[in-house]
S.K.: 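What follows is a single structure, and I will ask about it in a moment.
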Amino acid sequence: MRKLLTAALTTAFVLPAVAAMAAPPEDVVKARQGYYSLLGLEMDGLAAMAKGEVPYDAEAAKAHAANLQVMTTYSPAGLYAPGTSKADMPGKTRALPEIWENFPKVGEKGAAFREAVGELASVAGDGLDALRPAVGKLGGTCKSCHDDFRATDF
Ligand code: HEC
């Protein structure tokens, strides 16, 4: 049991270390922010529909959801290479150092996000009344991770 746990932890921590050696920290931060910017872009389109700022469009909603689903298949380990927190690179990133102290918790937040994207994708084409709560739930998973692991300022 103990051996298994150690192996699991080692794997989780080795992956980012490999990524750190491969890419300069500035590039890791740029990629990380790019990844989340893409999430933000898709989410903005969905939120605008959910809030009634733009008319509901089933095809557009499905396209946003499909793009988000692609993003959930991307393994984010390399985006969290050690040495790329706000403490390491003040002014460049809002990623709080707590991330690196609590990978399992970050992983849980990521899992909730992926699950919510799956639910959203299954109803995105079913009308505004179906879309709205799914967008709300997904937005809650974004916020939950930001509250704990993203600083308000760079
Ligand atoms: C597992 C944690 C986590 C989840 C889930 C998450 N984010 Fe983030 N997000 C972060 C962190 C950490 C940053 C800060 C990245 C940095 O500054 O290096 C961030 C940054 C951002 C940014 C700013 C990017 C930039 O250029 O500074 C946007 C936009 C964003 N997230 C949108 C979203 C949306 C939309 C969702 C949900 C659909 C989401 N995030 C889900 C952790 C998360």
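As a basis for the values below, the full set of heavy atoms in this structure was taken, side chains included, without hydrogen atoms, waters or symmetry mates. Counting convention: from 1, in listed order, for ligands and their atoms alike.
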S.K.: For the atom pair OH (Tyr74) and CZ (Arg114), what is the distance rounded to the nearest 0.5 Å?
M.R.: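 So the gap between those two atoms works out to 13.5 Å.
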
S.K.: Is the closest heavy atom of Tyr80 to ligand 1 under 4.0 Å?
M.R.: yes

S.K.: Does any N or O of ligand 1 fall below 3.5 Å from an N or O anywhere on Thr93, backbone included?
M.R.: yes

S.K.: When rounded to the nearest 0.5 angstrom, what distance separates CG in Leu96 from CG in Asn102?
M.R.: 12.0 Å

S.K.: Is a donor on one side and an acceptor on the other found under 3.5 Å between the side chain of Lys86 and the backbone of Asp153?
M.R.: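 Checked: pair present.
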
S.K.: With backbone taken as N, CA, C and O and side chain as the heavy atoms from C-beta onward, which portion of Arg32 lies under 4.0 Å from ligand 1: side chain, backbone, both, or neither?
M.R.: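 The answer is the side chain of Arg32.
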
S.K.: I'd like to check which ligand 1 atoms, numbered from 1 as shown, lie under 4.0 Å from a non-hydrogen atom of Cys145.
M.R.: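 Every atom of ligand 1 under 4.0 Å from some heavy atom of Cys145: 1 (C), 2 (C), 3 (C), 4 (C), 5 (C), 42 (C), 43 (C).
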
S.K.: Mark up the atoms of ligand 1 that fall under 4.0 Å of a heavy atom belonging to Ser37, in ascending order.
M.R.: 24 (C), 26 (O)

S.K.: Any nitrogen or oxygen of Thr141, side chain or backbone, less than 3.5 Å from one on ligand 1?
M.R.: no

S.K.: In ligand 1, which numbered atoms sit nearer than 4.0 Å to a non-hydrogen atom of Arg94?
M.R.: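 Under 4.0 Å from Arg94, ligand 1 has these atoms: 16 (C), 17 (O), 23 (C), 27 (O).
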
S.K.: Are the side chain of Arg94 and the backbone N or O of Arg150 linked by a donor-acceptor pair below 3.5 Å?
M.R.: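 No: the side chain of Arg94 does not pair with the backbone of Arg150.
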
S.K.: With backbone taken as N, CA, C and O and side chain as the heavy atoms from C-beta onward, which portion of Phe113 lies under 4.0 Å from ligand 1: side chain, backbone, both, or neither?
M.R.: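 For Phe113, only side-chain atoms sit under 4.0 Å from ligand 1.
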
S.K.: Quick check on atom 8 (Fe) of ligand 1: does His146 put an N/O/S atom closer than 2.8 Å to it?
M.R.: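 Given the 2.8 Å cut-off, His146 counts as a ligand of atom 8 (Fe) of ligand 1.
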
